[in-house]
Protein chains: 2
Amino acid sequence: MEPTATVLDLNQLRRSCSSCALHELCLPAGIDADDLNRLDAAVKDKRMLDRGAMLYREGDRFDALYVVRSGSLKSFVQNEAGDMQILAFHLPGEIIGFDALASNQHVSQAEALERSSICEQPYAHLQRVTSEVPALHRQLMRVISREVVEEHRHLMVMGRQQAQEQLATFLKSVADRHQRLQRDSTTLNLSMSRYDIANYLGLVVETVSRLFSRMEEMGVLEVNRKSVRILRPDLLAGLCRTGAMSKQKDAG
Amino acid sequence: MEPTATVLDLNQLRRSCSSCALHELCLPAGIDADDLNRLDAAVKDKRMLDRGAMLYREGDRFDALYVVRSGSLKSFVQNEAGDMQILAFHLPGEIIGFDALASNQHVSQAEALERSSICEQPYAHLQRVTSEVPALHRQLMRVISREVVEEHRHLMVMGRQQAQEQLATFLKSVADRHQRLQRDSTTLNLSMSRYDIANYLGLVVETVSRLFSRMEEMGVLEVNRKSVRILRPDLLAGLCRTGAMSKQKDAG
DNA sequence: CGGGGTCTTGATCGTCTTCAATAAAAGTGG
DNA sequence: CCACTTTTATTGAAGACGATCAAGACCCCG
C-alpha cells in the first residue's frame, strides 16, 4: 500500500537500539541511556523476514528473544493432526519467544504475516545484562507477565464471548496497540487474513467475514479488505461487552 | 465419599517432603536424597484448605509456589463484569502459582474444589535451593514449561474442537493424570461441578450434562454424578480426535 | 425434614457452521 | 503485459450444534 513504510524500515535497520523508534515500547522502558547502550551491544542482528517465513519452529533451540521492529507475525501451535491454533498476533514493539524460556526450546511457532524486520536479542547476552541492570530485569518480567495476562484474556474471550463480541474485542485490541505505537488507532491495516482472525477466535472464515459486514452496516466500521476504519470507537467498545446473557458469570 | 483419603492426608501432613507420596511427581523428580532434604527444609508448612477456600487471589503478593498433596483446586480469572473463566484444574502432585512468577503478584485466583492439603514452597527459599541444585532448577523449568504447553492445549481445545470432543479430551486428561499418580485411571472422581467443567470448556452446564448422558448411552462411560467410570478408554480416545470436519486445519 | 444447590432431561430457538457460488485480488508464466 | 491459475474474501441458503428456557429429580447440609 504505502512504500514509505518499507523505506523507513531499511533506514532503521542500520541504526542501533538506542535510536530505535520503538525503544521506549519494548524492553528499555524506564531505562537510562547508559543502560541502553549495554543492551544495545547485546543485539546480534536485525533480520528481515518475508511474508510466510518462519522466525522459529516448534522444537527449535531457544537462543534469543525477538522484538518486532516493523511488520507483524503470528504465533501458533499445531496438534498431531496438523490443526493450527493461533495464539497471538505480534505488532511492532512487541517481544516474541517467551514460550521457550522455561524448557530452552520453543513450544510454538512464529511466522511473519508480511515482510517484517526483527531485532534479535541473544538470550545469553540479555541474561547477563538483566542480571547487572535490575531495572531491565524488572521490565523484562513485566513484559512476560503481560504475556501471561494476555493469554488469560484470550481464553476468556474464546470461552465466554460470542462471535461478534469476540471480533469487537480483537479489533479493539489491535486499535489499542496501534495507539501505544502513537499510530492512528482508528485506521487499521490488518496484516492477517480473515482465516487467521477466524482461527485466532475459534470461528470459521465466513462468520468473520459476515461480522465485518454487519459491523459496517451498523456504522461501526468502514471495511475494505485489509483496511478497516473504526468510525465509532464508542460503539465498538460497547460491542466488546458480553451483552446481558452470556454463558455463566461468577460461580458460587 | 471415602474417609480413607482424609485419614491418609492427616498422616502425610506430619511427614516431610522426602517421605511425601508425591515426591517423585512434583519438583524432586530425578533428584537425590541429599538434595531432597535441602528442599525439604524450605517447606514452610502444609496448609489445609476447605472446599471453596481461596489459596490466593488476583493481586496477592507472590511468595510461594504450592504443591497439591491431596484434594484438588481450580484456577481462574475474572473480568471487570465478574465473569469467571477457569484456566485449569489442579490434581495432587501438581504445582500452582506460576502465574505470579514474572510480576511478583498473582494474576489469577486459585480455589479449593474440596478439602485439600497444600504444600507451600516459599519462593525465596526455593530460589536459593534451585540456584544451588541445578537438577532442581531444570526440573522446575520443566514443570513451568509443561504449564505453558497445557495452556496452549487448552486454547486449541476451545478453539478447534466441538463440545463432545472437548469433554472427551477433558476426561482423558484427568484419566492420564490419574495414571501418573498410579491411581486407577478408569474410575474418576470428579471433584469439580458440572458448572466448572462447562466453564472450563466454554460451554453451558446443560450441554455438559447431556454429553455425559450421551457418552453413557454410547457405552463409553458409566456416569454417576461425580463418579465416572471409563468403560472403553479406546473409544474415549477416539472421541478426542477432531472428527473429519472441524473448523480449519493447517493454514497455508 | 425442609430447602437450596446441583444435576438431568425436554422443547424450542438462535447462532454459527456447512455447503455452494461468485467476485476480487494476487501470484504465475508465457 | 495479459491470460491463467490460485488464493482470499464476500454472500446466500440450509442445516446443526449448542444455548436458552422450563421443569423435575436428586443430593447434601443445616
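In what follows, chains are A, B, ... by sequence order, proteins preceding strands, each numbered from 1.
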Between P of dC29(D) and CZ of Arg115(B), the distance in whole Å: 13 Å
Using a cut-off of strictly less than 4.0 Å, decide whether Arg225(A) has a side-chain nitrogen or oxygen near OP1 or OP2 of dA24(C). no
note: Glu165(B), atom CD; dC17(D), atom P; distance rounded to Å ~ 11 Å
What is the distance from CD of Gln161(B) to P of dC16(C), rounded to the nearest Å? 20 Å
Does dC7(C) have OP1 or OP2 under 4.0 Å away from a side-chain N or O of Lys226(B)? yes
Identify the two heavy atoms, one from Arg232(A) and one from Asp234(A), that lie closest to each other, and give their separation to 0.1 Å. NH2-OD2, 2.9 Å
Check: Ser72(A) main-chain N/O paired with Ser116(A) side-chain donor or acceptor under 3.5 Å: yes
Can you measure Glu206(B) atom CD to dG10(C) atom C1' for me and round it to whole angstrom units? 11 Å
The residue among His106(A), Gln109(A), His90(A) that forms side chain to side chain donor-acceptor pair (under 3.5 Å) with Ser75(A) is His90(A)
In residues 207-214 of chain B, which residues come under 4.0 Å of DNA chain C by heavy atom? Ser209(B), Arg210(B), Ser213(B)
Taking the nucleotide of DNA chain C with the nearest heavy atom to each, does Arg51(A) or Ser193(B) sit closer to the 5' end? Ser193(B)
How many whole angstroms separate atom CZ of Arg160(A) from atom P of dA19(D)? 10 Å
Between Asn199(B) (CG) and dT6(C) (C1'), how many Å, whole number? 16 Å
Could you state the atom-to-atom distance from CG of Leu113(B) to C1' of dT6(C) in whole Å? 15 Å
Figure out the CE/C1' separation between Met215(B) and dT8(C), and round it to whole Å. 17 Å
Would you mind telling me which of Arg180(B), His178(B), Lys172(B) makes a side chain to side chain donor-acceptor pair (under 3.5 Å) with Asp176(B)? Lys172(B)
Measure from the side chain of Val223(A), starting at C-beta and using heavy atoms only, and say which of dG18(D), dT10(D), dC7(C) lies closest. dT10(D)
Residue pairs passing the ring-ring contact (aromatic ring centres under 6.0 Å, His included) test with at least one member in residues 218-240 of chain B, sequence neighbours excluded, are none
Exactly one of Lys74(B), Arg69(B), Arg177(B), Arg146(B) should register a salt bridge (charged side-chain N to carboxylate O under 4.0 Å, His left out) with Glu94(B). Which one does? Arg177(B)
Apply side chain to side chain donor-acceptor pair (under 3.5 Å) to Gln179(A) and list each qualifying residue two or more places apart in sequence or on a separate chain. none
